[in-house]
Asker: 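First the structure, which I've put down as structure tokens, then a few questions once you've had a look.
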Amino acid sequence: MKNKNRAMRNMLIGMIGAAICMAASWLSFAYGKGNIRNGFIQSNWPKMPMIRFELSIILNAIGVPMYFLGIRDMTRAVNLCKRRGNVSDFRMAKIFDMGASLGAIGFLFVNSSYSIMAIVYKLLYVTNLMGADIIATTEGMFYYLAIPVFAYYVLSILGVSIPFIYFLIQDRMRVMKLCIFFNPLFMLGVGELLRLTKIYYLVDFSSAAVPFGYLLLMAAGMSHTAKLPTYARKRRSED
């Protein structure tokens, strides 16, 4: 792989970006003790300082470009896992490329949408509006964004996780088999299990599970890249 050291450095920057996005997710989605969910509405929103949501948006704006820098070079490393003439390899590499781009957009879009919804709810909460009107207004605003929010969220997670697992199972990734768990899809499942415990500090910890999965994904990508030859044979465009 050409410029291997630079690619590994960029993936390290991407891991730092994912860690920043973890902090941003915790600020937005860690609701604390006694929170009750009512649809998309969280009962503890009025108790949470406004600066948490503002910082969350700012941190995402910082972390996402750093994440994209790293995942872009991991996409190059994944492309080297393809075998000439293997249609499944070609498709999986393309899916990973798409999922990586969707993830970069989705980090900022999904987190910001939820943060803005919380901010709107908090601003309306101190007015003379009835509680039902506040909930209806806030949820009504979110329904306009619901389809793209969930689409970006789901497709970005599946888009990088499934190809990564595929190439690892096919022995194309030069990492331990244990790394099959180093992906956002698995961490999403872990996060959902933590939410089922109803223990608030575990539920709060689960809020950063998905970006932690992206961090682990790039850690596996760094390990894979480190074991690649310094120079790779130039591949034809149809590979």
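These figures come from a predicted structure and were not determined experimentally. Note: hydrogens, waters and symmetry copies are ignored here, and every other heavy atom, side chains too, is used. One-based numbering along the sequence shown.
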Asker: Ignoring hydrogens and geometry, is there a side-chain-to-backbone donor-acceptor pair from T138 to I135 under 3.5 Å?
Answerer: no
Asker: If the plane angle is over 60° it's perpendicular, under 30° parallel, otherwise tilted; pick one for F181 and F186.
Answerer: tilted
Asker: Taking H224 for its side chain and R174 for its backbone only, find out whether a donor-acceptor pair lies under 3.5 Å.
Answerer: yes
Asker: Output, in order, the C-alpha distance, side-chain angles, deciding distance and verdict of side-chain contact (heavy atoms from CB on, under 4.5 Å) for N60 and C21.
Answerer: CA-CA 5 Å; N60 259 301; C21 290; 3.6 Å; yes
Asker: CD of E54 to CE of M50: how many Å apart, nearest 0.5 Å?
Answerer: 6.5 Å
Asker: If hydrophobic clusters are built from ILVMFWY residues whose side chains come within less than 4.5 Å, do L215 and I13 share one?
Answerer: no
Asker: Report yes if the side chains of W26 and F205 come closer than 4.5 Å at any heavy-atom pair, otherwise no.
Answerer: no
Asker: Would you say R37's side chain and Q42's backbone share a donor-acceptor pair under 3.5 angstrom?
Answerer: no
Asker: If we only count heavy atoms from C-beta on, is the Y153 to V210 side-chain gap below 4.5 Å?
Answerer: yes
Asker: How about N111 and S25: do any of their side-chain heavy atoms sit closer than 4.5 Å?
Answerer: yes
Asker: Looking only at heavy atoms, which two atoms of A23 and L59 are closest? And how far apart?
Answerer: CB-CD1, 4.2 Å
Asker: Considering non-hydrogen atoms only, spot the tightest contact between A100 and V160 and give its length.
Answerer: N-CG1, 3.5 Å
Asker: Within the distance-only criterion (no hydrogens, no angle test), does the side chain of K4 pair as donor or acceptor with the backbone N or O of P229 below 3.5 angstrom?
Answerer: no
Asker: Charged N to carboxylate O below 4.0 Å: is that the case for K177 and D171?
Answerer: yes
Asker: Would you say the side chain of L185 lies within less than 4.5 Å of the side chain of L158, judging by non-hydrogen atoms?
Answerer: yes
Asker: Contact between F109 and V149 at the side-chain level, heavy atoms closer than 4.5 Å - yes or no?
Answerer: yes
Asker: Measure the spacing between CG of L196 and CG of L202 and express it to the nearest 0.5 Å.
Answerer: 11.5 Å
Asker: K227 side chain to V175 main-chain N or O, any donor-acceptor pair under 3.5 Å?
Answerer: no
Asker: Flag the pair V78 / F164 as yes when at least one side-chain heavy-atom distance between them is below 4.5 Å, and no otherwise.
Answerer: no
Asker: If we ignore hydrogens and angles and just use 3.5 Å, is the side chain of N44 paired with the main-chain N or O of Y31 as donor and acceptor?
Answerer: yes
Asker: side-chain contact (heavy atoms from CB on, under 4.5 Å) for M15 and M66? Distances and angles first, verdict last.
Answerer: CA-CA 8 Å; M15 291 171 63; M66 297 172 67; over 6 Å; no
Asker: S28 pairs by side chain to side chain donor-acceptor pair (under 3.5 Å) with which of S115, S207, S113, S112?
Answerer: S115
Asker: Please check: side-chain N/O of R52 versus main-chain N/O of L27, any donor-acceptor pairing under 3.5 Å?
Answerer: yes
Asker: Rounded to the nearest 0.5 Å, what separates atom CG in L102 from atom CD1 in I71?
Answerer: 11.5 Å
Asker: Which atom pair, heavy atoms only, marks the closest approach of N86 to R172?
Answerer: ND2-NH2, 3.9 Å
Asker: State whether the number of non-hydrogen atoms from other residues, nucleotides or ligands found under 6.0 Å of Y152 atom OH is greater than 12.
Answerer: no
Asker: Counting only heavy atoms not in Y201 (residues, nucleotides, ligands), do more than 12 fall under 6.0 Å from its OH?
Answerer: no
Asker: From S88 OG over to R83 CZ, what is the distance, rounded to the nearest 0.5 angstrom?
Answerer: 12.0 Å
Asker: For atom CE of M176, is the number of surrounding heavy atoms from other residues, nucleotides or ligands below 6.0 Å larger than 12?
Answerer: no
Asker: Indicate yes or no for a side-chain donor-acceptor contact from K82 to the backbone of F90 under 3.5 Å, with no hydrogens or angles considered.
Answerer: no
Asker: Rounded at 0.5 Å granularity, tell me how far CD1 in I58 sits from CZ in F53.
Answerer: 14.0 Å
Asker: Do the non-hydrogen side-chain atoms of M98 and S101 ever get within less than 4.5 Å of each other?
Answerer: no
Asker: Quick check on I36: does its CD1 atom have over 12 non-hydrogen neighbours (other residues, nucleotides or ligands) under 6.0 Å away?
Answerer: no
Asker: Does atom CZ of F212 have more than 12 heavy-atom neighbours, drawn from other residues, nucleotides or ligands, at distances under 6.0 Å?
Answerer: no
Asker: Only one of D73, N3, N5 forms a side chain to side chain donor-acceptor pair (under 3.5 Å) with N10, so which one is it?
Answerer: D73
Asker: Identify the two heavy atoms, one from M48 and one from K122, that lie closest to each other, and give their separation to 0.1 Å.
Answerer: O-NZ, 2.6 Å
Asker: What pair of heavy atoms forms the shortest contact from G70 to M218, and how long is it?
Answerer: C-SD, 3.7 Å
Asker: Between atom CE of M8 and atom OG1 of T225, what is the distance when rounded to the nearest 0.5 Å?
Answerer: 7.0 Å
Asker: With side-chain contact (heavy atoms from CB on, under 4.5 Å) as the criterion, how do I20 and Y67 come out once you've worked through the C-alpha distance, each side chain's angles and the decisive distance to 0.1 Å?
Answerer: CA-CA 9 Å; I20 293 173; Y67 157 79; over 6 Å; no
Asker: Can you give me the closest heavy-atom contact between C179 and L168, atom names plus distance?
Answerer: C-CD1, 3.8 Å
Asker: Just so I know, are the side chains of L188 and P184 near enough to count as touching, which here means a heavy-atom distance under 4.5 Å?
Answerer: no
Asker: Suppose we call two aromatic rings close when their centres sit under 6.0 Å apart. Are Y214 and F107 close by that rule?
Answerer: yes
Asker: If two hydrophobic side chains count as joined below 4.5 Å and joins carry through other members, does I41 share a cluster with Y200?
Answerer: yes
Asker: Can F29 and D204 be said to form a side-chain contact (heavy atoms from CB on, under 4.5 Å), step by step?
Answerer: CA-CA 7 Å; F29 302 119; D204 287 352; over 6 Å; no
Asker: Tell me whether N183 contacts the main-chain N or O of L217 through its side chain, where contact means a donor paired with an acceptor under 3.5 Å.
Answerer: no
